[in-house]
2 protein chains.
Amino acid sequence: MANDSSYKDKKVITIGIVRDLTGLSERQIRYYEERKLIFPERSAGGSRKYSFADVELLVEIANKIEDGVQTHEIRKEMLRAQKKQNQNEITRKMIQGQLNAQFGLRKGPSS
Amino acid sequence: MANDSSYKDKKVITIGIVRDLTGLSERQIRYYEERKLIFPERSAGGSRKYSFADVELLVEIANKIEDGVQTHEIRKEMLRAQKKQNQNEITRKMIQGQLNAQFGLRKGPSS
DNA sequence: AAACCATGTCAGGTAACCTTACACAATTGT
DNA sequence: ACAATTGTGTAAGGTTACCTGACATGGTTT
């Protein structure tokens, strides 16, 4: 209901493939996780699983680091960006609420 | 130039994940490959890599098999479907060619 | 100078994957 | 009726891929 449900966000890519797609070392990829910049899921056995969105994010992270930004700063940026995103979400819901109140829309069943 | 370049066709999913996504056994997935219904890529070390498109195709295949269609038949269907697809592609190119001839468009450099 | 950053690398261990082979019920072909 | 094929399970033995933890190191920060 809230999203794409599409391929981009499904966590299905193992770290070796991510390495190949990004050119980063596994060490780097794991380190950025340790620094809380990226959040893979895990398989039952403990293997990391990433999404295409994660892959793109990793590339951005790597670029910033190359520009001398440290993980600590990157993390702050990300939190800021996400806060803004949350705010938008809230705003959207508020407006939706206003409309519902004005025009008496109901949350009808799916279709 | 010819395609989406997007996530759907990138071969990045290992067989274990495909198993989880489709509910098929690894045996089945490998068998359908043996019957030439599906064509994963391979990692350097020999592990199979599938795309989301492959995953969807596998589900379709499994459905047909459940309906009693044999791999042999499914393969024929697929070849037929692909031939039609190729024909469309050819048609498209022919029309494009006609237009180019009519209006003298050049294949200029990329942008 | 002490602490931290980002990364490489090595070791030992487990999970995930590979191929080959045998089995077998069910279906299809002759 | 019988032989061949289909689709799937399962087991063995082997290799690849991934995991964590630890030590090393040259550059920054503090």
Side-chain angles (χ1 to χ4, degrees), chain A residues 10-52 54-80, chain B residues 10-52 54-80:
Chain A
K10 278 216 162 139
K11 308 257 184 175
V12 296
I13 313 180
T14 54
I15 197 168
I17 309 266
V18 174
R19 169 179 30 67
D20 295 345
L21 291 176
T22 61
L24 301 174
S25 69
E26 295 184 18
R27 182 67 166 91
Q28 288 175 301
I29 298 168
R30 295 200 188 99
Y31 181 66
Y32 301 155
E33 177 182 359
E34 188 182 322
R35 303 318 303 270
K36 306 219 195 282
L37 300 180
I38 192 98
F39 304 93
E41 289 181 1
R42 296 289 184 130
S43 75
S47 297
R48 275 167 260 249
K49 299 187 299 182
Y50 303 85
S51 66
F52 280 110
D54 290 334
V55 169
E56 293 185 2
L57 181 51
L58 278 168
V59 171
E60 285 177 39
I61 291 168
N63 286 146
K64 289 187 185 168
I65 284 186
E66 240 176 318
D67 293 352
V69 186
Q70 28 186 88
T71 52
H72 189 250
E73 268 315 305
I74 297 175
R75 175 149 169 74
K76 275 196 218 159
E77 286 178 32
M78 284 174 50
L79 290 177
R80 258 175 275 150
Chain B
K10 279 219 160 136
K11 308 256 185 178
V12 297
I13 313 182
T14 55
I15 197 168
I17 309 266
V18 174
R19 169 179 31 68
D20 295 346
L21 291 176
T22 62
L24 301 174
S25 69
E26 295 183 18
R27 182 68 166 91
Q28 288 175 300
I29 298 168
R30 295 200 188 98
Y31 180 66
Y32 302 155
E33 175 182 1
E34 188 182 321
R35 304 318 302 274
K36 307 221 194 290
L37 301 180
I38 192 96
F39 305 93
E41 290 181 359
R42 296 286 184 133
S43 75
S47 297
R48 275 167 261 250
K49 298 187 299 181
Y50 302 85
S51 67
F52 280 109
D54 290 334
V55 169
E56 293 185 3
L57 181 51
L58 278 168
V59 170
E60 286 179 37
I61 291 168
N63 286 146
K64 289 187 184 168
I65 284 185
E66 240 177 317
D67 293 351
V69 187
Q70 330 191 145
T71 52
H72 188 250
E73 267 316 303
I74 297 174
R75 175 149 169 76
K76 276 196 217 157
E77 285 178 33
M78 284 174 52
L79 290 177
R80 259 175 276 151

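These numbers come from the heavy atoms of this one structure, side chains and all, not from hydrogens, waters or symmetry mates. Numbers restart at 1 for each chain; the letters A, B, ... are given by sequence-line order, proteins then strands.
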Below 4.0 angstrom, N of the basic side chain to O of the carboxylate: do B/Arg48 and B/Glu41 qualify? no
Side chain of A/Ser47, heavy atoms from C-beta onward: which of C/dA16, D/dA17, D/dT20 has the nearest atom to it? C/dA16
Options C/dA15, C/dA6, D/dT16, nucleotide nearest the side-chain atoms of A/Gln70: C/dA6
Interatomic distance, B/Glu66 CD vs D/dT6 P [rounded to whole Å]: 20 Å
Just to be sure I understand the rule, does A/Arg30 reach a base, reach only the sugar-phosphate, or reach nothing, if contact means heavy atoms closer than 4.0 Å? base
Does the side chain of B/Tyr31 get closer than 4.0 angstrom to OP1 or OP2 of D/dG7 through an N or O atom? yes
Hey, does the side-chain of B/Arg35 have a donor or acceptor N/O within less than 3.5 Å of a partner on the base of D/dT6? no
Regarding A/Arg30 and A/Glu34, does a basic nitrogen lie under 4.0 Å from an acidic carboxylate oxygen? no
Distance, rounded to the nearest Å, where B/Glu73 contributes CD and D/dT5 contributes P: 17 Å
Can you tell me how far P of C/dT7 sits from OH of A/Tyr32, to the nearest Å? 3 Å
Residue whose nearest DNA chain D nucleotide is more 5′ - B/Ile65 or A/Arg19: B/Ile65
note: B/His72, atom NE2; D/dT5, atom P; distance rounded to Å ~ 12 Å
At less than 4.0 Å, is any side-chain N or O atom of A/Ser25 found next to OP1 or OP2 of C/dG8? Yes or no. yes
Between P of D/dT6 and NZ of B/Lys36, the distance in whole Å: 13 Å
Any side-chain N or O of A/Ser43 below 4.0 angstrom from OP1/OP2 of C/dA16? yes
Whole-Å distance, A/Glu33 CD to D/dC19 C1', equals 11 Å
Between A/Leu24 and A/Ala62, what is the shortest heavy-atom contact and its length? CD2-CB, 3.6 Å
Could you check which of D/dT16, C/dA6, D/dT10 has an atom nearest any side-chain atom of A/Thr71? C/dA6
Ionic contact status for A/Glu33 with A/Arg27, cut-off 4.0 Å: no
To the nearest angstrom, the CD1-P distance between B/Ile13 and D/dA17 comes to 17 Å
Mind calculating the distance between CD (A/Glu34) and P (C/dT7) to the nearest angstrom? 12 Å
If you check the A/Ile15 side chain, which of C/dG8, D/dC19, C/dA21 turns out closest? D/dC19
Salt bridge or not between B/Glu73 and B/Lys64? Use side-chain N to carboxylate O under 4.0 Å. no
Can a side chain N or O of B/Arg42 be found less than 4.0 Å away from OP1 or OP2 on C/dT19? yes
Does D/dC19 have its OP1 or OP2 closer than 4.0 Å to a side-chain nitrogen or oxygen of A/Arg48? yes
